[in-house]
Student: 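Quick one: the structure is below, and I'll ask about it shortly.
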Amino acid sequence: MSRLLPTFRHGIVPPPNKEATRGAAIRQFPFAPELIVPLLQHAGNAAVPVVREGDTVVRGQLLGSADGDFSVPVHAPASGRVRRIERVAIASGQMVPGIRLEPFPASTQEVLEATPCPLESATPDEIIAAVQQAGIVGLGGAAFPTHRKLRVPANRSVELLIINGAECEPYLTTDYRVMLEQPGDIVLGVRFLLRATGAVRAVLAVEDPCRDAADAVMAEGAGVTALSAQVLRTKYPQGAEKLLIKVLMGRDVPHGGLPIDVGALCVNVATAAEIGRLLPHGRGIQERVVTIAGPGVREPGNYRIPIGTPLRFALFHVGIRGNLSRVFIGGPMMGQTVANLDVPITKGASGFVAFTEEQTALEPAVYPCIHCGRCVEACPLFLNPCQLGILARQGEIARMRDAHNLADCFECGACAYVCPSNIPLVQEFRAAKAALLRQERAT
Amino acid sequence: MSSTLTIAPAPHVRGGDTVAQIMWHVVIALLPACGFAIYLFGLAGLVTITAAAASCLVAERLLRRTGASTLADGSALVTGVIYGLTLPPGLPVWMIAAGGVIAIAIGKLLFGGLGYNAFNPALVGRVFLQAAFPTAMTTWLSPLGPDRFTQLPASTLAVPLARSDVGIDAFVGATPLGRLKFDAMDTPLSDLALGLTTGSTGETSAVLLLAGGLYLVARRIANWRIPVAICGTAALVTGLLHVADPAAYPDPRFMLLSGGLMLGAWFMATDPVASPVTRSGAWVYGIVIGLLIVVIRLWSGQPEGVMYAILLGNAVSPHIDRWLQPVPLGRRVRDVGRVP
C-alpha cells in the first residue's frame with residue numbers, strides 16, 4: 001500500500017528511530033540559570049543589540065533589531081537581566097555576537113505583546129513585515145529568514161504553497177507533534193501565507209507514518225478550501241524542497257534558480273505554526289519545539305525550549321544515560337556535532353541527538369572505493385558521488401565543480417550512508433567546496 | 001559526563017553491507033558451483049579451486065609491502081575462487097599457482113590493489129595461462145570419472161616446466177563449445193543446464209551459477225542489468241542468426257548454457273571495480289560484452305570468447321562511465337522546459 005504512494009527517485013530508507021518520541025506530547029521546558037541568546041541565529045546579518053548590559057528585559061521584548069532586510073530581530077526568551085553582551089560560541093563552533101541573559105526565577109514570565117497583525121485586514125506587505133518583526137526563520141533547520149521568501153518577484157507567481165511536513169531525518173518528531181497539537185496555529189499560519197504570497201493552492205506534504213497528523217490539520221482546516229494534504233512514501237531526504245517540488249509538481253528547480261522560478265514556495269510546517277501563533281499577538285519567537293532523543297538520553301521527548309537554553313542544561317534536564325560520546329544538532333543524517341555542551345539551542349535547531357560510546361565505539365573500517373554505484377543510486381539530485389569522491393581524493397576540485405556539479409550537492413549524506421567502503425564522501429565534498437571558496441576569495 | 005565529545009562529520013549512521021560483507025556474500029553465492037565442481041571432477045576439482053584460492057591469498061599477503069593485511073576484506077579470496085572455477089580441472093598445480101600470482105600481482109596490486117584494478121584480476125591470471133600454456137588450458141578432464149574421489153590426474157602434480165604428457169588418457173577431447181566448433185556436434189541442452197559436461201572447473205552448471213547470481217542480485221550486490229544485457233544480447237543475436245541459417249549457427253539456448261557465459265555474466269562482468277557505475281552504463285557494458293561473446297565464439301579461431309569479451313568490456317568501462325554521466329536534477333532540458 002505505502003509503496004504506491006508518490007515519492008522522488010533515488011534516496012534511501014534509513015531506520016526511522018522515531019518510536020521513542022513519536023508519542024511524546026510537547027512539554028514546556030524550565031528556564032536555565034543563564035540563557036545564551038546569539039544575535040545571529042539565521043542566514044544573513046546578525047541582529048543589532050538594542051539593550052545594554054545590566055538592563056532588565058521582559059520576555060518577548062526586543063533584544064536585537066534586524067540589520068537590514070537580510071536579517072531578523074531577536075527577542076528575549078525570558079524576563080530577566082542582561083548580564084553580558086559579548087561574542088558567544090554557537091553549535092557550529094563559530095563565535096557570534098550574543099547576549100547572556102539571567103532569567104528572574106520569581107517572574108511570572110508573561111510574554112510582552114506588540115502590535116498584532118490581523119489576518120483579515122493586513123495587506124501582504126504588512127504580513128511580510130510582521131513575519132520579519134516576529135523574528136521568524138525557517139524552523140526546519142536552514143534558518144533562512146522567512147520574509148525574504150515570501151516576497152514574490154513581480155514577474156513570478158506562486159502556483160503552489162508547499163507546507164513541508166516531510167520530517168525525513170531519523171529520530172526527529174517535532175513537526176509531527178506540532179501538527180498533532182497545534183493544527184489551529186498551522187491553519188492560521190497557512191492562511192497568513194496564502195494571503196501574503198497570493199498563492200492559489202497550498203498543500204501539506206507529510207510522509208506515510210504522519211498521516212494522522214495531516215488528518216488533524218485537515219480537520220482543523222476544513223474551511224480553508226485552498227489547503228489539501230498529500231501523503232508521501234517514506235524516504236530520505238524527502239523534506240528537501242527541490243525534491244518536494246519534484247514530487248508534488250513534477251518540476252525541476254532549474255540549476256541556480258529558486259523554487260519561485262517554477263511557481264513553488266516551500267515553508268516548513270513548524271514555521272507556519274509559529275506564524276499562526278505569533279502574528280495575531282504581535283509576538284516574537286522566544287522558544288521552539290525540539291526533539292531530544294538518542295540512546296544517550298534518559299527521557300527522550302519533544303520539548304518547548306526557550307531559545308538560548310544551553311545544551312548542557314537541556315541534557316541534564318532530560319537525563320543522560322551512559323557515556324556520551326557524540327551530540328549533534330539536527331538528525332543523524334545531516335546533524336552537526338558539537339564540541340562542547342555550552343552552546344545554545346537556536347531557532348534552527350529542530351532537535352538534538354545524543355550517542356553514547358556504544359554507538360560510536362565501532363568506527364567502521366574505510367576501504368578503497370569499489371565503484372559499486374550505490375552512491376549513484378542513492379543521490380537524490382542525480383549527481384555522481386562516486387566520481388566526485390575519486391576527484392576529491394585526487395585533489396581535482398576544479399573538475400568537481402566544472403564537470404560534476406559539486407555546487408548542487410546539499411550534503412544530505414545519502415551517498416555516505418550507503419557507501420560499503422565507509423568513505424566520508426560528504427566530508428570530502430565539504431572540504432572541496434571550502435577550498436574552492438578560498439580560491440575564489442583569493443583571486 | 002566525564003567522557004569526551006567527538007566531532008565527526010555527518011551522517012552519523014550507516015546502512016547496508018560493508019565491502020568485506022559484500023565479498024563474503026560473493027563467496028557464499030559461489031559455493032553451489034564449487035560443490036558441484038567437486039561432485040563432477042572429484043579431487044581434481046577440489047585441488048584446482050583450493051590451489052587457486054590459496055595462491056591468490058598468499059600473493060595478496062606477501063606482495064603487499066605497505067599497510068595492514070588486506071586479506072580480511074575478502075577480495076583476494078573472491079578473486080581466487082573465481083579464478084579457480086575458470087580453470088580446467090586437473091591443471092598442474094604449479095601452473096595454477098603461477099596464474100594466481102599473476103592475477104593478484106599484475107591484475108590487482110600493480111594497479112593499486114582493491115578498487116583500482118582496471119581488469120578483472122581472475123581473468124588476468126587466466127589469460128596469462130591461456131597464452132603461456134595453451135595445451136594444458138585446453139585439455140579437459142572427463143566429468144564423473146569413476147576414480148575421481150580417490151585419484152588425482154597425474155598431470156595435477158606435474159613437475160614445473162617438464163613435459164606434461166602423462167596421464168593424458170584421463171582426458172577427453174573437447175568442451176561442448178569445442179565440439180560444436182570443430183566437430184559440429186551438439187550436446188543435449190539438459191546436460192548443459194545441469195552441467196554434466198566437460199568444461200572449466202566451475203563453469204558447467206548453468207542452473208547453480210544462475211542461482212548464485214540471483215542471490216547476489218537479491219542482495220543488491222550484483223547489478224542485474226549487466227548479466228541480463230549480456231545474456232539478452234547473446235541470445236538475441238544468436239537467435240536471429242539461428243533463424244536465418246539453423247545449420248550454420250547454434251540454438252540461442254546452447255549459446256547461453258554452454259561455456260563460461262553464466263559464470264562470466266553473473267560473477268565476473270559484474271565485478272563493480274571494472275564495470276560502469278550508472279544504470280545506462282551497465283546496459284551498454286553488458287551489450288558490448290554480449291556482442292563480443294557472440295563474435296568471438298562464432299567467427300574467431302577459438303571456441304570460447306567470454307574471457308576476452310569481459311576483459312575488453314573492462315577496457316571500455318571507464319569510457320562508458322565518462323559518456324553516460326547521470327544528469328543532475330535541474331539540468332534536464334526536458335523537465336526544466338516545463339516551467340511556466
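Below, chains carry the letters A, B, ... as their sequence lines are ordered, and counting in each starts from 1.
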Student: Of the backbone (N, CA, C, O) and the side chain (C-beta and beyond), which part of Arg374(A) lies under 4.5 Å from a heavy atom of chain B, both, or neither?
Tutor: side chain
Student: Counting heavy-atom pairs under 4.5 Å with chain B, which one of Val353(A), Asn422(A), Val376(A) comes out on top?
Tutor: Asn422(A)
Student: Checking Arg201(A) now: which residues fulfil side chain to side chain donor-acceptor pair (under 3.5 Å) with it, not counting sequence neighbours?
Tutor: none
Student: Could you please state which residues from residues 317-324 of chain B sit under 4.5 angstrom from chain A, measuring non-hydrogen atom to non-hydrogen atom, sorted by number, or 'none'?
Tutor: none
Student: Can you check whether anything in residues 18-27 of chain B gets within less than 4.5 Å of chain A, heavy-atom wise, and list it by number?
Tutor: Thr18(B), Val19(B), Ala20(B), Ile22(B)
Student: Measure distances from Cys386(A) to the heavy atoms of chain B and classify the residue's part below 4.5 Å as side chain, backbone, both or neither.
Tutor: side chain
Student: Does a sphere of radius 6.0 Å around CZ in Arg156(A) hold more than 12 heavy atoms from other residues, nucleotides or ligands, not counting ones at 6.0 Å or beyond?
Tutor: yes
Student: Leu381(A) versus Pro328(B): any side-chain heavy-atom pair under 4.5 Å?
Tutor: no
Student: Measure distances from Tyr417(A) to the heavy atoms of chain B and classify the residue's part below 4.5 Å as side chain, backbone, both or neither.
Tutor: both
Student: Please determine, among Gly373(A), Ala365(A), Gly296(A), Ala414(A), the option with the most heavy-atom pairs under 4.5 Å with chain B.
Tutor: Gly373(A)
Student: Salt bridge or not between Arg220(B) and Glu377(A)? Use side-chain N to carboxylate O under 4.0 Å.
Tutor: no
Student: Hey, does Leu324(A) have a side-chain heavy atom less than 4.5 Å from the side chain of Leu5(B)?
Tutor: yes
Student: Tell me, do Leu329(B) and Asp408(A) make a side-chain contact under 4.5 Å, heavy atoms counted?
Tutor: no
Student: Decide if atom CZ of Arg393(A) counts as having more than 12 heavy atoms of other residues, nucleotides or ligands within a radius under 6.0 Å.
Tutor: yes
Student: Which heavy atom of Pro11(B) sits nearest a heavy atom of Gly413(A), and at what distance?
Tutor: CG-O, 3.6 Å
Student: If you tally heavy-atom pairs under 4.5 Å against chain B, which of Arg9(A), Gln427(A), Arg326(A), Gln387(A) wins?
Tutor: Arg326(A)
Student: What closest approach, in Å, do Asp73(B) and Tyr367(A) show between heavy atoms, and which atom pair accounts for it?
Tutor: CB-CE2, 3.6 Å
Student: Give the interface residues of residues 109-121 of chain B toward chain A, defined by a heavy-atom separation under 4.5 Å.
Tutor: Leu114(B), Gly115(B), Tyr116(B)
Student: What pair of heavy atoms forms the shortest contact from Val277(B) to Asn384(A), and how long is it?
Tutor: CG2-ND2, 4.1 Å
Student: Heavy atoms only: give me the nearest Arg14(B)-Ala416(A) pair and the separation to one decimal.
Tutor: NH1-O, 2.9 Å
Student: State the CG-CD1 distance between Asp271(B) and Ile370(A), to the nearest 0.5 angstrom.
Tutor: 8.5 Å
Student: Flag the one option from Ala403(A), Pro332(A), Ser421(A), Gly330(A) with the top tally of heavy-atom pairs under 4.5 Å to chain B.
Tutor: Pro332(A)
Student: Counting distance only, does the side-chain N/O of His12(B) pair as donor-acceptor with the main-chain N or O of Met333(A) below 3.5 Å?
Tutor: no
Student: Is Val426(A) close to chain B through its backbone or its side chain, or both, or neither, when contacts mean heavy atoms under 4.5 Å?
Tutor: side chain
Student: Nearest 0.5 angstrom please: Phe355(A) CZ to Thr6(B) OG1, how far?
Tutor: 11.0 Å
Student: Minimum heavy-atom separation for Pro272(B) and Cys372(A), please, with both atom names.
Tutor: CB-CA, 3.7 Å
